[in-house]
Amino acid sequence: MNLHTHISRSNGYRELGMFDESILELEAINGDDRWHPLVVEARYNTYRDAKEWELAKTMAEVMVNRMPDKFEWLKNQVDAMTECGDPTGALQLLNDSSKAFDEDAQYIFALGRQYALLCDIEESKKYVKRAIKMDRSLKAEFLDDSAFDAVWESFW
């Protein structure tokens with residue numbers, strides 16, 4: 001069976017909520033393909049959906065090491081760290097990456113989100129405002145993300 005068939009089956013199991021079967025499908029992949037980026041991504045997605053955050057964090061770390069210039073994977077690692085109970089460490093990871101992503105609206109928004117989760121509302125507002133100025137589409141995400149509830153409450 002080829003790599004794409006395994007990944008397709010794994011994704012199907014994941015979408016059905018059959019997380020063990022999803023991972024078993026990926027475990028059936030042999031050789032170097034076991035750690036192909038698409039396989040690691042499929043593992044991350046399954047662990048994330050199963051709320052197995054430690055395992056999701058590990059997969060995100062693998063991808064950050066492979067693709068340090070892709071903010072998506074840094075964000076995935078930050079989200080997993082936060083879900084594992086380390087929002088301060090997640091903020092530190094973001095701050096350590098400032099040189100690589102400082103002009104990326106998604107990065108600025110992620111900083112604002114982490115500050116909101118840490119209840120530093122004024123810092124959160126500063127970063128969210130900057131991010132939305134850079135990319136207006138982030139406004140909808142700001143409105144919908146419960147991480148910003150404390151920011152909204154601060155306007156009363």
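All values derive from a computational prediction rather than experimental measurement.
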> List for me each residue that meets salt bridge (charged side-chain N to carboxylate O under 4.0 Å, His left out) alongside Glu103, sequence neighbours excluded, and say none if there are none.
none
> Where do Arg34 and Glu27 land on the side-chain contact (heavy atoms from CB on, under 4.5 Å) test, with the steps shown first?
CA-CA 7 Å; Arg34 289 178 64 90; Glu27 289 294 320; 2.7 Å; yes
> Going by salt bridge (charged side-chain N to carboxylate O under 4.0 Å, His left out), name the residues that satisfy it together with Arg130, two or more places apart in sequence or in a different chain.
Asp102
> Indicate whether the side chain of Thr5 and that of Asn2 have a donor and an acceptor atom separated by less than 3.5 Å.
yes
> When rounded to the nearest 0.5 angstrom, what distance separates NZ in Lys125 from CG in Asp120?
11.0 Å
> Under a 4.5 Å cut-off applied to non-hydrogen side-chain atoms, are Asp145 and Arg113 in contact?
yes
> Can you confirm whether Asp69 is buried at CG, in the sense that more than 12 heavy atoms of other residues, nucleotides or ligands lie under 6.0 Å from that atom?
yes
> Compare every heavy atom of Gly112 with every heavy atom of Ser124, then report the nearest pair and how far apart it is.
OG-O, 2.8 Å
> Is it the case that one hydrophobic cluster holds both Tyr107 and Leu138, taking links as side-chain heavy atoms less than 4.5 Å apart, direct or via other members?
no
> Which heavy atom of Pro37 sits nearest to which heavy atom of Arg66, and what is that distance?
N-NH1, 3.5 Å
> Report yes or no: does Gln114 contribute a side-chain atom to a donor-acceptor pair with the main-chain N or O of Pro87 at less than 3.5 Å?
yes
> What residues, two or more places apart in sequence or in another chain, satisfy salt bridge (charged side-chain N to carboxylate O under 4.0 Å, His left out) together with Asp49?
Arg14
> The criterion is salt bridge (charged side-chain N to carboxylate O under 4.0 Å, His left out); which residues satisfy it with Lys133, sequence neighbours excluded?
none
> How would you list all residue pairs meeting ring pair (Phe, Tyr, Trp, His ring centres under 6.0 Å) that involve residues 110-145, not counting sequence neighbours?
Tyr115-Tyr127, Phe142-Phe148, Phe142-Trp152
> Under 4.5 Å between side-chain heavy atoms, hopping through other hydrophobics if needed: is there a path connecting Ile132 to Leu94?
no
> Under the ring pair (Phe, Tyr, Trp, His ring centres under 6.0 Å) definition, can you give me all pairs with a residue in residues 1-50, not counting sequence neighbours?
Tyr44-Trp73
> Is there a donor-acceptor pair closer than 3.5 Å between any side-chain N or O of Thr46 and the backbone N or O of Ala42?
yes
> Less than 4.0 angstrom from a charged side-chain N to a carboxylate O is my criterion; do Arg43 and Glu52 meet it?
no
> Would you compute the distance between atom CG of Leu74 and atom CD of Glu61 and round it to the nearest 0.5 angstrom?
11.0 Å
> If you measure from CG on Asp20 to CE on Met18, what distance do you get to the nearest 0.5 Å?
9.5 Å
> Any chance you could lay out the side-chain contact (heavy atoms from CB on, under 4.5 Å) test for Val128 and Val151, step after step, and finish with the verdict?
CA-CA 10 Å; Val128 169; Val151 175; over 6 Å; no
> With a 4.5 Å cut-off on side-chain heavy-atom distances among I, L, V, M, F, W and Y, is there a chain of contacts connecting Trp53 to Ile23?
no
> Find the distance between CG (Asn95) and CG (Leu111) and round it off to the nearest 0.5 Å.
5.5 Å
> side-chain contact (heavy atoms from CB on, under 4.5 Å), that's the test. Do Asp104 and Met134 meet it? Break it down for me.
CA-CA 8 Å; Asp104 184 316; Met134 294 170 78; over 6 Å; no
> Does the side chain of Leu55 reach to within under 4.5 Å of the side chain of Met59, using non-hydrogen atoms?
no
> Do you know the tightest heavy-atom contact between Ala56 and Ala80?
C-CB, 4.3 Å
> Do Met63 and Leu26 share a hydrophobic cluster, counting only Ile, Leu, Val, Met, Phe, Trp and Tyr and linking them when any side-chain heavy atoms are less than 4.5 Å apart?
yes
> Apply side-chain hydrogen bond (donor to acceptor under 3.5 Å, both in side chains) to the pair Gln92 and Asp96, showing each step before the final yes or no.
CA-CA 6 Å; Gln92 185 60 51; Asp96 291 347; 2.7 Å; yes
> Which atom names give the shortest non-hydrogen contact between Ser22 and Ser10, and what distance separates them?
OG-OG, 2.7 Å
> Measuring from atom OG of Ser97 to atom NZ of Lys75, what distance do you get when rounded to the nearest 0.5 angstrom?
14.0 Å
> Side chains of Leu117 and Thr82, heavy atoms from C-beta outward: is any pair under 4.5 Å?
yes
> When rounded to the nearest 0.5 angstrom, what is the spacing between CD1 in Ile29 and CG in Leu3?
5.0 Å
> Can Leu24 be reached from Ile7 by stepping across I, L, V, M, F, W or Y side chains whose heavy atoms are under 4.5 Å apart?
no
